[in-house]
Amino acid sequence: MNSYDTHIHRILAEVGNRGLNVRKITLHVYNSVNTLFEPVEKQQVHDYVLKYLSNHVKGRMPLLLRVRHGVYSFNPKSPEARQIKMEIKNGIEQPASPIQEHHPRQLRLFDEIETL
């Protein structure tokens, strides 16, 4: 799965059944992936988002629904959509990183300051 896909899934999971328009989905994905050291062109992100959305509204039980012109949401009847939303919800509830214990061989930046 592409990182753009993950960002699209998170955005659509947050907005729920009301959906979100393509322009806003593109802006969210662009802001999530664009960095100072790895710049991405907005048009490239927009093209990918359009292609992804149009490919996933097709089929007998599509992952996404087109709510109205240019507005997309997860298909509540799709088992795959329910699974993705559940994974996102579980990922958000878990802590980002566990607290690491200090190992004697590791250097700590402020050890000297704490002992003063």
Side-chain angles (χ1 to χ4, degrees):
M1 182 182 305
N2 189 338
S3 71
Y4 290 4
D5 298 356
T6 305
H7 292 292
I8 294 169
H9 293 163
R10 285 205 176 144
I11 293 161
L12 291 176
E14 284 182 29
V15 298
N17 292 336
R18 69 179 186 267
L20 197 62
N21 68 34
V22 176
R23 185 179 61 81
K24 289 185 180 181
I25 295 170
T26 300
L27 282 175
H28 283 286
V29 173
Y30 175 75
N31 290 333
S32 298
V33 299
N34 191 34
T35 65
L36 181 63
F37 300 108
E38 294 181 33
V40 180
E41 291 191 31
K42 192 183 285 186
Q43 187 61 43
Q44 176 188 356
V45 175
H46 181 71
D47 293 343
Y48 184 86
V49 168
L50 273 177
K51 182 179 173 188
Y52 181 85
L53 295 173
S54 65
N55 286 339
H56 287 84
V57 295
K58 300 174 184 173
R60 193 173 288 216
M61 186 64 69
L63 174 65
L64 304 174
L65 288 178
R66 186 173 154 196
V67 178
R68 58 184 180 276
H69 181 72
V71 178
Y72 295 87
S73 71
F74 274 121
N75 180 358
K77 296 179 183 175
S78 168
E80 185 181 358
R82 280 185 261 149
Q83 178 67 31
I84 289 170
K85 288 198 284 189
M86 188 171 58
E87 288 172 2
I88 290 171
K89 181 182 175 194
N90 291 339
I92 292 172
E93 292 177 354
Q94 297 174 354
S97 63
I99 299 173
Q100 297 179 357
E101 295 180 26
H102 175 67
H103 295 288
R105 298 190 71 159
Q106 289 180 334
L107 296 176
R108 291 184 58 190
L109 183 61
F110 297 106
D111 277 345
E112 292 178 16
I113 294 174
E114 291 174 5
T115 58
L116 294 177

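FYI, side chains are in, hydrogens and waters are out, and symmetry mates aren't considered; it's all heavy atoms of this structure.
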Next on the checklist: Please evaluate residues H9 and F74 with respect to the criterion side chain to side chain contact (heavy atoms under 4.5 Å, CB included), reporting the C-alpha separation (whole Å), side-chain torsions for both, the decisive distance (0.1 Å), and the verdict.
Outcome noted: CA-CA 8 Å; H9 293 163; F74 274 121; 4.0 Å; yes

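Taken to the nearest 0.5 Å, the CZ atom of R18 stands 10.5 Å off from the CZ atom of R68. For the atom pair OG (S32) and CD1 (I11), the distance works out to 5.5 Å, reported to the nearest 0.5 Å. Note: I88 CD1 to Q83 CD = 10.5 Å, rounded to the nearest 0.5 Å. Remark: Q43 CD to L50 CG distance equals 8.5 Å, nearest 0.5 Å. The CG atom of N90 sits 6.5 Å away from atom CE of M86, with the distance rounded to the nearest 0.5 Å. Of the inter-residue distances, the one linking T26 atom OG1 with D47 atom CG reads 9.0 Å to the nearest 0.5 angstrom.
Hydrophobic clustering (ILVMFWY, side-chain heavy atoms < 4.5 Å, transitive): L27 and L53 are in distinct clusters. Placement of V67 and V22 in two distinct hydrophobic clusters is found when ILVMFWY residues are connected by side-chain heavy-atom separations under 4.5 Å, directly or transitively.
In this structure, H56 contributes its side chain and Y52 its backbone to a donor-acceptor pair below 3.5 Å. For the pair N34 (side chain) and Y30 (backbone), a donor-acceptor distance under 3.5 Å is absent. Looking only at distances, a side-chain donor or acceptor of N75 sits under 3.5 Å from a matching main-chain atom of P62.
Taking the six-membered ring for Trp and the full ring otherwise, the centers of Y48 and H7 sit at least 6.0 Å from each other.
Residue P39 comes nearest to L36 through the heavy atom pair CD-O, 3.9 Å, listed as atom of the first residue, atom of the second, then distance. Taking both residues in full, the closest heavy atoms of R82 and K77 are given as NH2-O, 3.1 Å, listed atom of the first, atom of the second, then distance. Between L20 and H28, the shortest heavy-atom contact is CD2-CD2, 4.1 Å. Nearest heavy-atom pair, Y72 versus L12, reported as atom, atom and distance to 0.1 Å: O-CD2, 3.4 Å. A pairwise comparison of heavy atoms in K85 and N17 identifies NZ-OD1, 4.4 Å as the closest pair.
A 4.5 Å side-chain heavy-atom check between L65 and S78 finds every atom pair outside the cut-off. Side-chain contact between L64 and S73: absent, with no pair of heavy atoms (C-beta onward) separated by less than 4.5 Å. Put simply, the side chain of R66 does not reach to within 4.5 Å of the side chain of V71, judged on heavy atoms. A 4.5 Å side-chain heavy-atom check between Y4 and V33 finds at least one atom pair inside the cut-off.
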